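Both backbone and side-chain heavy atoms feed into the values below; hydrogens, waters and symmetry mates do not. Small disclaimer: the values here were computed from a predicted structure and weren't measured.
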Number of protein chains: 2
Amino acid sequence: MTQSRSKYDSGCPVAYALDIFGDRWSLLVIRDMAVKGARTYGELLAGWEGISTNILAQRLKQLEQAGIITKQKDPDSGRSSVYELTQKGRDLAPVLIEIALWSGRYNPDPDAMTGFLDKITADRAGTEARIRAGERL
Amino acid sequence: MTQSRSKYDSGCPVAYALDIFGDRWSLLVIRDMAVKGARTYGELLAGWEGISTNILAQRLKQLEQAGIITKQKDPDSGRSSVYELTQKGRDLAPVLIEIALWSGRYNPDPDAMTGFLDKITADRAGTEARIRAGERL
DNA sequence: TTGAATCACTTGCAAAATGCAAGCAATCAG
DNA sequence: CTGATTGCTTGCATTTTGCAAGTGATTCAA
């Protein structure tokens, strides 16, 4: 009984991935954690794009189920939880990097926030390794 | 007047890209064209996952507007149109490749369709170059 | 120690996106 | 002329999303 993960999963590796983060918000949450180092619900809510609170809660559950992130109680604070990327989540670094490079080539907007882009342009391998290791950029 | 492309576009390069293909179907359409060589509406409809016809029509329009694909009349057949990836679209090859590699590492399903994955595992640079050049895999 | 603030959500409801099926115009083959 | 094929559009039910308000468990300040 090889149950398919969802009604969309065709067995194609691209479809498998899109099943996990192929929506408007999941990759942005992963980016906030990988690039910006966001670790709490509040930090994620305050992200650049303004995800709504119910959608964020839902996505965090889905990402946890998919093994992309983990949720733990903050030992120093009873009311806050700490979310962290797993290795599976951090290994999405090359995907984030290629997306950012592509956007850098084709986004005509001169105001584009390029902090991440600058880092990967200056040292792609190093930035990728740092994300994979769970280190701060 | 630097108008933002959409209500989501925060200036982040990742968000710029997700604005174009950050939904359930767009990347699968791009994959069908880049990897499977799909060129007509019918071929795209018959894809692995079964996109519905109205959504496909809408996505094709959006991708055309975003400069990812072009639409032309088929000179040999008055009733069919030919869709093709632009350079901007073909340059998403590294994104598709990284997604597929990641899925290959983490998808536990042994039945996963691995044709594309096999190709990029065997010769990543060559596969990427061939997609970028608009050649058949 | 009590009341206010904070954090991490949940709930309710309207709006938008999606899925499904049917329809339809233009071509084209017999 | 007829019927099949292609490339859509339309209508409508279902699902997902967005927004705002509310909840409950801490934590903190007085």
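- Within the 4.0 Å cut-off from OP1 or OP2 of C:dC9, at least one side-chain nitrogen or oxygen of A:Lys71 is found.
- Atom CG of B:Leu56 is separated from atom P of D:dT9 by 10 Å (rounded to the nearest Å).
- Rounded to whole Å, atom P of C:dT18 lies 12 Å from atom CZ of A:Arg24.
- The interatomic distance linking B:Asp23 (CG) with C:dT18 (P) rounds to 6 Å, in whole Å.
- Side-chain N/O atoms of B:Lys61 include one lying less than 4.0 angstrom from OP1 or OP2 on D:dT9.
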Exercise for review: Show your reasoning for whether side-chain contact (heavy atoms from CB on, under 4.5 Å) applies to A:Thr53 and A:Tyr41.
Suggested key: CA-CA 9 Å; A:Thr53 171; A:Tyr41 193 88; 2.8 Å; yes

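- A sub-4.0 Å separation between OP1 or OP2 of C:dC7 and a side-chain N or O of A:Tyr83 is absent.
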For nucleotides 22-26 of chain D, tabulate all protein N/O to nucleotide N/O atom pairs closer than 3.5 Å, reporting atom names and distance.
unit_1	atom_1	unit_2	atom_2	d
D:dT26	O2	A:Arg79	NH1	3.3

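- Along DNA chain C, the nucleotide closest to A:Asn54 and the one closest to A:Ser80 are compared, and the more 5′ of them pairs with A:Ser80.
- Closest to the side chain of A:Ser52, from the set D:dC8, C:dT10, D:dC19, is D:dC19.
- One interatomic measurement links the two molecules: CG of A:Leu44 to C1' of C:dC7, which rounds to 13 Å at whole-angstrom precision.
- Remark: C1' of C:dC9 and CZ of A:Arg59 are 16 Å apart, rounded to the nearest angstrom.
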Exercise for review: Report the C-alpha distance between A:Ile97 and A:Phe116 in whole Å, list the side-chain angles of each, state the deciding distance to 0.1 Å, and finish with yes or no for side-chain contact (heavy atoms from CB on, under 4.5 Å).
Suggested key: CA-CA 9 Å; A:Ile97 287 172; A:Phe116 180 45; 4.0 Å; yes

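- Residues that satisfy the ring pair (Phe, Tyr, Trp, His ring centres under 6.0 Å) test with A:Tyr106, not counting sequence neighbours, are A:Trp102.
- Comparing atom distances between the B:Ile55 side chain and each of D:dC8, C:dG19, D:dG18 picks out C:dG19 as nearest.
- In this structure, A:Asp23 pairs ionically with A:Arg59, as a charged nitrogen and a carboxylate oxygen lie closer than 4.0 Å.
- In this structure, B:Leu45 places its CG atom 12 Å from P of C:dC20, rounding to the nearest Å.
- In this structure, A:Ile51 places its CD1 atom 15 Å from C1' of C:dT10, rounding to the nearest Å.
- The residues A:Arg130 and A:Asp123 are annotated as salt-bridged, a charged nitrogen and a carboxylate oxygen being separated by less than 4.0 angstrom.
- Within the 4.0 Å cut-off from OP1 or OP2 of C:dT10, not a single side-chain nitrogen or oxygen of A:Gln58 is found.
- No hydrogens or angles considered: nothing links the side chains of A:Gln58 and A:Asn54 as a donor-acceptor pair under 3.5 Å.
- Between B:Glu128 and B:Lys119 there is no salt bridge, since none of the side-chain N atoms of the basic residue sits less than 4.0 Å from a carboxylate O of the acidic one.
- In summary, B:Arg24 and B:Glu49 do not engage in a salt bridge, as defined by a charged side-chain N under 4.0 Å from a carboxylate O.
- Judged purely by distance below 3.5 Å, without hydrogens or angles, the side chains of A:Thr121 and A:Asp118 never pair a donor atom with an acceptor atom.
- Here B:Trp25 reaches the OP1 or OP2 of C:dG19: one of its side-chain N or O atoms lies under 4.0 Å away.
- Annotation: proximity of residues 33-42 of chain A to DNA chain C (heavy atom, distance under 4.0 Å) is found for A:Thr40, A:Tyr41, A:Gly42, numbered in ascending order.
- For the pair B:Asp76 CG and D:dT6 P, the computed distance is 15 Å after rounding to whole Å.
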